[in-house]
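Taking it in order: structure first as structure tokens, then the write-up.
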Amino acid sequence: MEIDPFIFRFSIFILSIFVGYYVVWSVTPSLHTPLMSVTNAISSVIIVGAIIAALASSSGKIFETSSIFGFLAIILAAVNIFGGFLVTQRMLQMYKKKKK
Amino acid sequence: MSANLSATFYLISGILFILALRGLSSPETSRQGNYFGIAGMVIAIIVTFLSVGNFGSGFIYVFIFLVIGGSIGSFIAFRIPMTAMPELVAGFHSLVGLAAVFVAISAFLNPEAFNLGSIGNIKLASLIEMSLGAAIGAITFSGSIIAFLKLRGIMSGAPITFKGQHFINLFIGLTIIFLIYYLCRSQSPNIFWTIVGISFFVGVLLIIPIGGADMPVVISMLNSYSGWAAAGIGFTLENTALIITGALVGSSGAILSYIMCKGMNRSFFNVILGGWGATDQTSSSKSKEQKPTKSGNADDAAFLMKNASSVIIVPGYGMAVAQAQHALREMVDALKKNGVKVSYAIHPVAGRMPGHMNVLLAEANVPYDEVFELEEINNDFANCDVAYVIGANDVTNPVAKSDPQSPIYGMPVLDVEKSKSVLFVKRSLSPGYAGIDNDLFYRDNTLMLFADAKKMTEEIVKSL
């Protein structure tokens, strides 16, 4: 009997939760704010869905209802990707060790 | 690009995201981690372009919109002051939520593009995944907007509660589940739109009863939601990068919520179900009788600290509001010149988001190895000469250890009262957000400094 591909994806999902659990516990508490901004940035990988939606027009026109939602999502996700990574970088630059 | 090849690349970008979080285990590796994250994102975007393979005029538009969004994001990232970080993160969460809603809508309207079947005949599993993704995304969006408004001070931070609130939330939650079930049977667009609409409404209802100082939990929780929304969409699109990322972000937000709740000794449900101040008004009015306090001025404080051998600084939200972090660093520099040993003690829930104080101190060039967490430093108060409490209140209240009647009883607090003397910078004797009088004000070894945190610190610098 063949296994539904959903089960494979579900396995990846569950294992990733465990990976996330252990990785996040090892994050030092002083970096919890950058952790939030970087998780924000990476969750914007949802942009892959937005790009597919924007480019896949069924009627041949570039702008139809479904692709317009795709384009809007691209803007939102792009704000988040650039904003999220850059603000994280800005914060991380500030963490310095004591000068000896 | 073949489906197998692009799936492999999506897996690689998922792994790079894991490494991005892994880097945050220490400040030294964190910057490298951030580059891993950026690399993962670039790979995911390029692979998506290649696998769609449509480089016509649509591609140019995608590029234009990408640049528009990217410029807005970069502009915000460079301009935002560090004190506004909590609002910024809340605002960004709302964008992820809305993007998830838009992608789900688009998938519903044009399922062929995503290989999900055809209109009116979408695969059952996909329908469940996309409606869950849309619902969680919508809740994340409107909830984050409310959190943003509260943090920005546009909306009052006071909890908004009404009778039967929790019952209504539960009812709407069940309605959404029922509607998803119904959607699967009927495939009706109207039901889909109703689910999205109601979910926006739930997000608002969920966040309005939560008070301003519980925001660290709310932000972490919304962080977690944005992850689950992304994962839901990831299942719809059958995209490994999104599934991995969604799970990572979801569990990260959940862990942060847990840490924040533990820092307040409250259960998650207690926070979610609403205000603290509302539960116990009596205990604060009872202790309102006049008790003597000692107050001093900047010269007294400067004298005390200059002659101390060790000083511990306890910053809180008040420091962020007064933007006092730079003045504070100057004060510490002056003290160090006098041979005083200075360290910083941070309570897990100090400020409005996890790690808020650490970022502000880092901004003021405070080396991170002088900044300590509650467990690391709490024993040191007994051997310290002066504790300088600036903008913190409830997290120093000894009542949490002594009075089982108090609403904050059992909350881990900084043992500030054990130091030889306590300097408490505060504008007035008013109780903190929890509505509880701070016993520390009336201790013999406490000197109250009634002033704005920034002004007082600047004056101390002058008299040093």
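Throughout, a chain's letter reflects where its sequence line sits, starting with A, and its residues are numbered from 1. Only heavy atoms go into these numbers, but all of them, side chains included; no hydrogens, no water, no symmetry mates.
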Residue part contacting chain A, namely of [X], when any heavy atom lies under 4.5 Å:
| X | value |
| --- | --- |
| B/Glu373 | side chain |
| B/Ser26 | backbone |
| B/Phe36 | neither |
| B/Phe78 | both |
| B/Val96 | both |
| B/Ser220 | both |
| B/Glu129 | side chain |
| B/Thr245 | side chain |
| B/Leu88 | side chain |
| B/Tyr35 | side chain |
| B/Leu256 | side chain |

Flag for [Y]-[X]: side-chain donor and acceptor within less than 3.5 Å:
| X | Y | answer |
| --- | --- | --- |
| A/Glu64 | A/Ser66 | yes |
| A/Asn40 | B/Ser226 | no |
| B/Thr48 | B/Tyr10 | yes |
| A/Thr88 | A/Ser37 | yes |
| A/Tyr95 | B/Glu28 | no |

From [atom1] ([X]) to [atom2] ([Y]), nearest 0.5 Å:
| X | Y | atom1 | atom2 | result |
| --- | --- | --- | --- | --- |
| B/Ser224 | B/Ile219 | OG | CD1 | 13.5 Å |
| A/Ile68 | B/Phe102 | CD1 | CZ | 11.0 Å |
| B/Leu242 | B/Phe17 | CG | CZ | 9.0 Å |
| B/Leu50 | B/Ile45 | CG | CD1 | 12.0 Å |

[X] versus chain B, the contacting section by heavy-atom distance below 4.5 Å:
| X | result |
| --- | --- |
| A/Val45 | both |
| A/Ile47 | side chain |
| A/Ile46 | both |
| A/Phe18 | neither |

So which of [options] has the biggest tally of heavy-atom pairs under 4.5 Å with chain A?
| options | result |
| --- | --- |
| B/Pro354, B/Gly58, B/Ala99 | B/Pro354 |
| B/Ser252, B/Pro27, B/Gly351 | B/Ser252 |
| B/Leu248, B/Ile233, B/Ile76, B/Ile105 | B/Ile105 |
| B/Ile259, B/Ile68, B/Ile346, B/Ile72 | B/Ile259 |
| B/Ile80, B/Thr240, B/Leu237 | B/Ile80 |
| B/Ala44, B/Ala100, B/Gly70 | B/Gly70 |

Residue B/Phe49 excluded, over 12 heavy atoms near CZ under 6.0 Å: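 More than 12 within 6.0 Å, yes.
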Just checking A/Ile3: does its CD1 atom have more than 12 heavy atoms from other residues, nucleotides or ligands closer to it than 6.0 angstrom?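 Atom CD1 in A/Ile3 is not crowded, with 12 or fewer foreign heavy atoms closer than 6.0 Å.
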With respect to chain B, which residue among [options] yields the maximal number of heavy-atom pairs within a distance under 4.5 Å?
| options | value |
| --- | --- |
| A/Val24, A/Val87, A/Thr33 | A/Thr33 |
| A/Ile42, A/Ile17, A/Ile81 | A/Ile42 |
| A/Ala41, A/Pro29, A/Ser44 | A/Pro29 |
| A/Gly20, A/Pro5, A/Ser30 | A/Ser30 |

Parallel, tilted or perpendicular: which describes the rings of [X] and [Y], with under 30° parallel and over 60° perpendicular?
| X | Y | answer |
| --- | --- | --- |
| B/Phe235 | A/Phe13 | perpendicular |
| A/Phe71 | B/Phe65 | tilted |
| A/Phe6 | A/Phe10 | parallel |

Between the side chain of B/Asn223 and the main-chain N/O of B/His93, is any donor-acceptor distance below 3.5 Å?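 Looks like no, no N/O pair under 3.5 Å.
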